[in-house]
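What follows is a short report on a single structure.
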Amino acid sequence: MTLTAKLLLAAAVTSLSACATTREMAAPKIERVATFEGAMPTGVTVAPNGRVFVNFPQWGDNAPFTVAELVDGKAVPYPDAVTNRPDPSDPAGHFISVQSVVADGANRLWVLDTAAPNFSKPQAGGAKLVAIDLATDRIVKTIVLPPSVVLDTTYLNDVRFDLRKGAEGVAYITDSSNAGVGGIIVVDIASGRSIRRLSNHATTNPEPGFTPTVEGAVLMNRPADGPATPVAIASDAIALSADGSMLYYGPLSGRTLHAVPTAMLRDPAVSEEELGHAVRSLGRKGASDGIAEDDRGRVFAGDYENNAIRVLDQGRWSTVVSDPRISWPDTLSIGTDGYLYFTANQLHRQPGFHGGRDLRRKPYELLRIRVGAGPVLLRSQ
């Protein structure tokens, strides 16, 4: 090969490498999946067969239903309108105010009902986990959570499942109280027994001194008829490692991701002191309302201060995409189609943060980006 040919080949290789690097670094395209003109959504989940479900907590928007399936791009009450109609005489049999929906690996949709409209004290007998069989669209299990784990200040936020543990699996729930203490609730699905872990621990409570800045302004509680106070919301985002051995979590009022061994969480013989010592930090992810895990071992996190989605990959945090459209990324969910779905609901523009003025601009959006990986579906063998 002549010197000229070698130089041309080297230039071509360099050019190809540069192009590859550019492709790897390019932010994924943001795609709109659905819009919402009524109540603001928080949760989203994508079932293994591609069905998409969302939920609307009762935060003052008078949502006509609190759980829905997207059918031809429109939100339809799920599993039906009657179940979505609160009934004080049967709090366990009807949805009250749902904060999260999660599809599992056994073809079920799990509904996490806070039973706490407008962040009120949870209604007796109403805080629950409800499983709906996606093959029949019928409720097949209801687990009412007792006062020993649902405190007067509890706000149930998000949940993850590992169906390989115990007779039917285990659920992990975050308590994102904005008036009391945070914590993790561990539920044995077969028996319904539950325990409260890391309650009032430093890593489940708001980070001291945390002051979020969103859209260039400090975010504080600013009621129409009272003084401004800090936004102090406890453990919120939650995810499981690909092998189920670690639970990831963090407070909404904070920027750090924490991890704790799930075997220790499940074992009541492990003291709170021992459990607390086992918690480790996985670095500063940004301020998140939701996180999601994929089957490649990565953890994705919303970053509501920077209109962004970030990722923890091989011990390093980086920004996947940042765009003004990502206006308060709330819940994240990875589908079997290789996309990361997330709601952009403008939560920070609610009246309670702006002296009673509602600055939200409809429609709210369900967006997605391609991440080239699947969800963690820890199903029974």
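Quick caveat, the model's predicted, so the values are computed rather than measured.
- At a threshold of 4.5 Å between non-hydrogen side-chain atoms, the residues L134 and Y78 count as touching.
- Closest approach of S288 and Y304 over heavy atoms only: N-CE2, 3.7 Å.
- The side-chain heavy atoms of L70 and F36, taken from C-beta on, include a pair separated by under 4.5 Å.
- Rounding to the nearest 0.5 Å gives a distance of 11.0 Å between OG1 of T336 and CD1 of I334.
- Atom CD1 of residue I189 and atom CH2 of residue W110 lie 4.5 Å apart, to the nearest 0.5 angstrom.
- Shown here is E273, whose CD atom has no more than 12 heavy atoms of other residues, nucleotides or ligands within 6.0 Å.
- D303 meets the side chain to side chain donor-acceptor pair (under 3.5 Å) test with N306; sequence neighbours excluded.
- In terms of modelled atom types and a separation under 3.5 Å, the side chain of Q346 and the main chain of S327 share no donor-acceptor contact.
- Residues W328 and V33 share a hydrophobic cluster, clusters being chains of Ile/Leu/Val/Met/Phe/Trp/Tyr side chains in contact below 4.5 Å.
- A salt bridge links D113 to K128: at least one charged side-chain nitrogen sits closer than 4.0 Å to a carboxylate oxygen.
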From CA spacing to verdict: side chain to side chain contact (heavy atoms under 4.5 Å, CB included), L112, L129
CA-CA 5 Å; L112 182 62; L129 270 175; 3.9 Å; yes
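- At distances below 3.5 Å, at least one donor-acceptor pair connects side-chain atoms of W317 with backbone N or O atoms of L282.
- Here the shortest heavy-atom pairing between L257 and Y249 reads CD1-O, 3.6 Å.
- Between the side chain of T83 and the backbone N or O of D80 there is no donor-acceptor pair closer than 3.5 Å.
- Taking the side chain as every heavy atom from C-beta outward, I233 and Y155 never approach each other to under 4.5 Å.
- Both V214 and F210 are assigned to one and the same hydrophobic cluster, defined by single-linkage of ILVMFWY side chains at heavy-atom distances under 4.5 Å.
- For E274 against A269, the heavy-atom pair with the smallest separation is OE1-O, 4.0 Å.
- With hydrogens and angles disregarded, a donor-acceptor distance shorter than 3.5 Å links the side chain of T204 to the backbone of L198.
- T213 meets the side chain to side chain donor-acceptor pair (under 3.5 Å) test with no other residue; sequence neighbours excluded.
- The backbone N or O of S120 lies less than 3.5 Å from no partner atom in the side chain of N118, so there is not a single donor-acceptor pair.
- In this structure, L275 CG and S199 OG are separated by 11.5 Å, a value rounded to the nearest 0.5 Å.
- The line from CZ of R85 to CZ of F65 is 12.0 Å long, rounded to the nearest 0.5 Å.
- Not one N or O on the side chain of R108 forms a donor-acceptor pair closer than 3.5 Å with the backbone of A131.
- A donor-acceptor pair under 3.5 Å is formed between the side chain of K362 and the backbone N or O of G38.
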Please evaluate residues T114 and F119 with respect to the criterion side chain to side chain contact (heavy atoms under 4.5 Å, CB included), reporting the C-alpha separation (whole Å), side-chain torsions for both, the decisive distance (0.1 Å), and the verdict.
CA-CA 9 Å; T114 69; F119 301 93; over 6 Å; no
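- Side-chain contact between E272 and H201 is absent, with no heavy-atom pair separated by less than 4.5 Å.
- Using modelled atom types and a 3.5 Å distance limit, the side chains of D175 and S177 yield no donor-acceptor pair.
- For the pair R370 and Y339, the distance from NZ or CZ to the six-membered ring centre is under 6.0 Å and the angle to the ring normal is within 45 degrees.
- Proximity of a side-chain donor or acceptor of S191 to a complementary backbone N or O of R193 within less than 3.5 Å is detected.
- Taking 4.0 Å as the cut-off between side-chain N and carboxylate O, D162 and R266 do not count as a salt-bridged pair.
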Could you go step by step and tell me if V67 and N84 meet the side chain to side chain contact (heavy atoms under 4.5 Å, CB included) rule?
CA-CA 7 Å; V67 178; N84 275 273; 3.8 Å; yes
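- Between V270 and R197, some side-chain heavy-atom pair lies under the 4.5 Å cut-off.
- With S281 contributing its side chain and H258 its backbone, the two residues share no donor-acceptor pair below 3.5 Å.
- Taking 4.5 Å as the limit, some side-chain heavy atom of P261 sits within range of a side-chain heavy atom of M246.
- Minimum heavy-atom separation, D295 to V376: N-CG2, 4.0 Å.
- The closest side-chain donor-acceptor pair between D323 and N307, if any, does not fall under 3.5 angstrom.
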What verdict does the side chain to side chain contact (heavy atoms under 4.5 Å, CB included) test give for D61 and R360, after you've listed the backbone C-alpha separation in whole Å, the side-chain angles of each residue and the deciding distance to 0.1 Å?
CA-CA 12 Å; D61 286 338; R360 296 172 296 178; 3.0 Å; yes
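- Here D294 does not pair with R296 in a salt bridge; the nearest charged N to carboxylate O distance is not below 4.0 Å.
- Taking a cutoff of 4.0 Å between a charged side-chain nitrogen and a carboxylate oxygen, E207 and R255 do not qualify as a salt bridge.
- In this structure, a donor-acceptor pair under 3.5 Å is absent between the side chains of D289 and T331.
- Between A308 and P329, the shortest heavy-atom contact is O-CG, 3.8 Å.
- Shown here for P41 and Y364, the closest heavy-atom pair between the two residues is CD-CB, 3.8 Å.
- Under a hydrophobic clustering in which Ile, Leu, Val, Met, Phe, Trp and Tyr are joined whenever their side-chain heavy atoms come within less than 4.5 Å, directly or via other members, I30 and V54 fall into different clusters.
- Rounded to the nearest 0.5 angstrom, D104 CG and F161 CZ are separated by 6.5 Å.
- Criterion: ILVMFWY side-chain heavy atoms under 4.5 Å apart, direct or through other members. Under it, L240 and L377 are not part of a common hydrophobic cluster.
- Residues I143 and V98 do not share a hydrophobic cluster, clusters being chains of Ile/Leu/Val/Met/Phe/Trp/Tyr side chains in contact below 4.5 Å.
- Under the 3.5 Å distance criterion, with hydrogens and angles disregarded, no donor-acceptor pair is assigned to the side chains of D158 and T174.
- In this structure, the side chain of T319 does not engage the main chain of V321 through any donor-acceptor pair within 3.5 Å.
- Under the side chain to side chain contact (heavy atoms under 4.5 Å, CB included) test applied with F353, the options Q350, R349, R357 reduce to a single match, Q350.
- The distance between the ring centers of F300 and F342 does not fall below 6.0 angstrom.
- The shortest distance between side-chain heavy atoms of H94 and I96 does not fall below 4.5 Å.
- Here the side chains of I238 and L247 are in contact, with some heavy-atom distance below 4.5 Å.
- In this structure, OG in S235 is found 5.0 Å from CD1 in I184, a value given to the nearest 0.5 Å.
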